[in-house]
Amino acid sequence: MPHELPKAYDPTAIEDHWAAYWVRENLFAQPTPTAGDASGEPFTILLPPPNVTGRLHMGHMLNQTEMDILTRWQRMSGRRALWLPGTDHAGIATQMMVERQLASEGKNRQEMGREAFIDRVWEWKRHYGGAILDQMKRLGASVDWQREYFTLDERLSVAVREAFVRLYEQDMIYRGAYIVNWCPRCQTAISDLEVVYDEHKGHLWEIKYPVLGNDGQETGEFLTIATTRPETMLGDVAVAIHPEDERYLHLHGKKLKLPLLEGDKAREIPIILDDWVSRDFGTGAVKVTPAHDPNDFALGQRHHLPSINVMDDAAHINAEGGKYAGLDRFAARRRIVEDLEALGLLVAVKDHTHNVGHCDRCKTVVEPRLSLQWFVKIQPLADRAIAAVKDGHIKFTPEMYEKTYLNWMENIHDWCISRQLWWGHRIPAWHCSTCHKVTVARVDPSACAHCGAAMLTQETDVLDTWFSSGLLPVSVFGWPNLTSENISDFDTFYPTSLLVTGFDILFFWVARMIMLGCWFAGDVPMSDGSARDLKDSVPFREVYIHALVRDANREKMSKTKGNVIDPIEIVKQYGTDAVRFTLAAMASPGTDIAFNVDRTEGYRAFANKIWNAARFLFMNVTRAREAGFRIDSKNISKGITQDLSSPLESQWIVHQFNLTIALVNAALEDYRFDEAASYIYKFVWHNFCDWYLEGIKLRLTFDADVSVDANVSIHMLLAVFEGSLRLLSPFMPFLTEELWWALHEDNPPLKSIGLARFPEFSSQLVNIRAETTFSEIQDLVTSIRELRKSLLIGDNETTPVEIHVITSPESTNIEEAFRNNTDLLRRYVRISDVNFKSAPLHGPQVRHTPNFDVAVVYERTPDVHSERERLTKDIAKYEKGMAAAERQLGNEGFVAKAPAHIVEGLKKQAAETQLLLEKARAALAALPPE
RNA sequence: GGGCGGUUAGCUCAGUUGGUUAGAGCGCCUGCCUUACAAGCAGGAUGUCGGGGGUUCAAGUCCCUCACCGCCCACCA
């Protein structure tokens, strides 16, 4: 144990070593349970799988820190903890990344072909895909690396395919032509969630369409429509007006000529009547373009109108656009506006601010566009997902997210799950070129299921990435192939205990997991063969949603703003533990975290403080051994007892430690990382270091015969410090691991402190008497220090003090504690004689507390001016307190209705305040003039 | 348009089911190399709890209202 530690803690010197050790030794692996395995109750948690394209950012680090704290805490508390990591193939993002790489080589995927391109993506993935998990390893995340998965792994792909086929068989998947959000750059459909809307200052163009008479000739009258996307008029099939709009009553039944399109594309379009049209927007007349607008599509359905798609996959105008064919949509817009103006059909261009949808991934303006896609019928899934939450089988923290979730789920639309990408799970459907029907199958079919023809081509679309990640809670535990070997994984670890995530993927992922989990797990029988009810079908029992990490100025971190804090950089600078502690301490629910390195600096200091406490301890162990004391490092973990014959500070620190355990446990139960962190901080720094260590110096004298207190004290010191390391370990795994090994002279009872037991609260360790008497000693010490300061007594000067303990029910204890601990007092403050007086003390060198008066005997008196200031301020404070107390106590309602302990407490406090007030007044009056 | 959150010390934030005179860290001021730690020790200053109204014996805490900041959902062409 005589460990030579450097004077200052240097995290970089130890962290890499421990991070590698934890991974190498597989310390946190949680193997598939075997029969009769009596390990603790499972605590299962899935890592929200980062994208393979991802680089670790502060949000990840917050997320991982919280999960790691909880997992380590649960593991140390005896639960069978499994934290399961993996990565997501991230369809669009990854494909984009590789396409960009290809572009820099002057290539593109189309000329490469699908297979070669996919090979290339795999190669990319092998090369870069592990980056984020490597970073995670470096941060010490206590995950089971042996279970690491990738969403395109064979076994997870089987699950995806099974899920698709099953839903299809259950008539829950259909294919059809609907308006979807289309990204012209990614050239794929995207779901509603993948569209982000930005406010955009655009225009509202008012265009007049010629009205046709019954003879088909222009009547000279016009109907003016308003649009924000003039180019879509090429696909217009009608103009809609409100049936009761008095301005247009005479146009009912009439047709219009669609301007611009000539020759074989020229067309007449009807004026249709629909309540949906709002009379006060624009001109009250709406062009109807079913192929390019969701509302128009609905309108088209109601009125049996055709849909004319005028754009290709890249949002260039197609052949339907006549002379505009080939133009990009925005170029077409400009040209069309020019042409309309030339024709005199452009009535007005008005400024109009509206929301424009952009592709979440590449920020391209999305184009609502009619296309053939695969959809999941969502209502049956949503019904279960709603019930699961409403019935309390899934609990959200903070609670408000339950409302958000339900609100979304209750207004959900069918889910477009097909993507026109190459990277992803290819949809297991085959098109028959003979009968044109679709065959969906678990194994690649050789013949059409409908007509038997062999001319099958597989669907080229892949599935939305969230379809596979939505299945993770079931698929990672072996579903659908639940053999006897992996059924126990499923039995043991499903439902998972908790999901920790940010609200940004509440709908993308959390909601989908709930829907898919409830749907598919519901079919898996319980281990005893009985049917699984909804309660046990949910993918997780609790969801903890954390805040966003912002920069120190509360700005959202973004690459464009250049204010992104790289966690790895900060970690290098301050140490992982300090950064973890910062995140934990600032993670109060419902509020975003303004990440400020000033705080991290403070927690680095905290780590250093602990380091130095350890140095102090080792130093004393060495001294003790040199003096012949026997200290066996094997006995350290024997446990802590409350020894009523031990010195006061030892009894007190055991009591405080015990109390802190209870507080930390309670805080973590409620995901109050901030509270847990602050209880630990306060205990370690302000109780353990400031008071206990300073006090114990008195006992740690290892000269020959003064042995009893020294022996008791050094062992108590070791035990409490070791316990504190375990308490702190989930928050600061590196530092605590290092010191724990040092404490055990590199021969600890377990391979890691992370496998040791978390301290447990024990009512046996409660010691109220030690708490109250020590707290009086603290008051006494503080009063004397304050007095000495005001008397300008040098820090090295020793002075006598006088104490008068005020008569009260506790005063015997207090006086006894003071008398018995004068030597301890001398450790805390430079005093010589301590004289107890039976009469109250007065004068400028006295301080008053509710329980005692204390005077420092010194020839000098305090500075009259500052003394007057202090007393005046005190008096004001006391008077304010008295006024408040009298007001309340004089109020009959209060005395009659308030609980007795409140009234009694106030009375007692008022009496004390009155006393202090009188003393302060007297002291002020006694002050000599300045 | 609908919904939600926030506003407490110079800064960043706590503040349990309403209960005695509102807290922490950082920063600031003063004094200290006290043999674990200057990344330290000791002491100190700092608040009309966003404004207004109400309920209550009692409001930072509950209700109403206004203001400002932020987020989510919807997408009326």
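Order of the sequence lines sets the chain letters (A, B, ...), proteins ahead of strands, with each chain counted from 1. Keep in mind that what you see is a predicted model, and the values were worked out from it rather than measured.
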Students often get this wrong, so: under 4.0 angstrom with heavy atoms, is [X] touching a base, only sugar-phosphate, or nothing?
| X | value |
| --- | --- |
| A:Met882 | nothing |
| A:Ala226 | base |
| A:Trp276 | base |
| A:Pro294 | nothing |
| A:Gln909 | base |

Would you say a side-chain N or O of [X] is under 4.0 Å from OP1 or OP2 of [N]?
| X | N | value |
| --- | --- | --- |
| A:Trp685 | B:rC41 | yes |
| A:Arg604 | B:rA39 | no |
| A:Lys403 | B:rC73 | no |
| A:His352 | B:rA77 | yes |
| A:Lys7 | B:rA38 | yes |

Answer yes or no: side-chain N or O of [X] and base N or O of [N] forming a donor-acceptor pair under 3.5 Å.
| X | N | answer |
| --- | --- | --- |
| A:Lys287 | B:rA77 | no |
| A:Glu869 | B:rA45 | no |
| A:Ser278 | B:rC76 | yes |
| A:Asn608 | B:rC37 | no |

Residues, nucleotides or ligands: over 12 heavy atoms within 6.0 Å of A:Glu410 CD: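 Atom CD in A:Glu410 is packed in, count exceeds 12.
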side-chain contact (heavy atoms from CB on, under 4.5 Å) partner of A:Leu917, chosen from A:His848, A:Glu879, A:Lys877, A:Glu912: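 That would be A:Glu879; it is the only one of A:His848, A:Glu879, A:Lys877, A:Glu912 passing the side-chain contact (heavy atoms from CB on, under 4.5 Å) with A:Leu917.
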Nearest-angstrom distance from the residue atom CD1 of A:Ile610 to C1' of B:rC37: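 Distance check: A:Ile610 CD1 to B:rC37 C1' gives 12 Å.
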Distance, rounded to the nearest Å, where A:Leu693 contributes CG and B:rC41 contributes P: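 Answer to the nearest Å: 11 Å.
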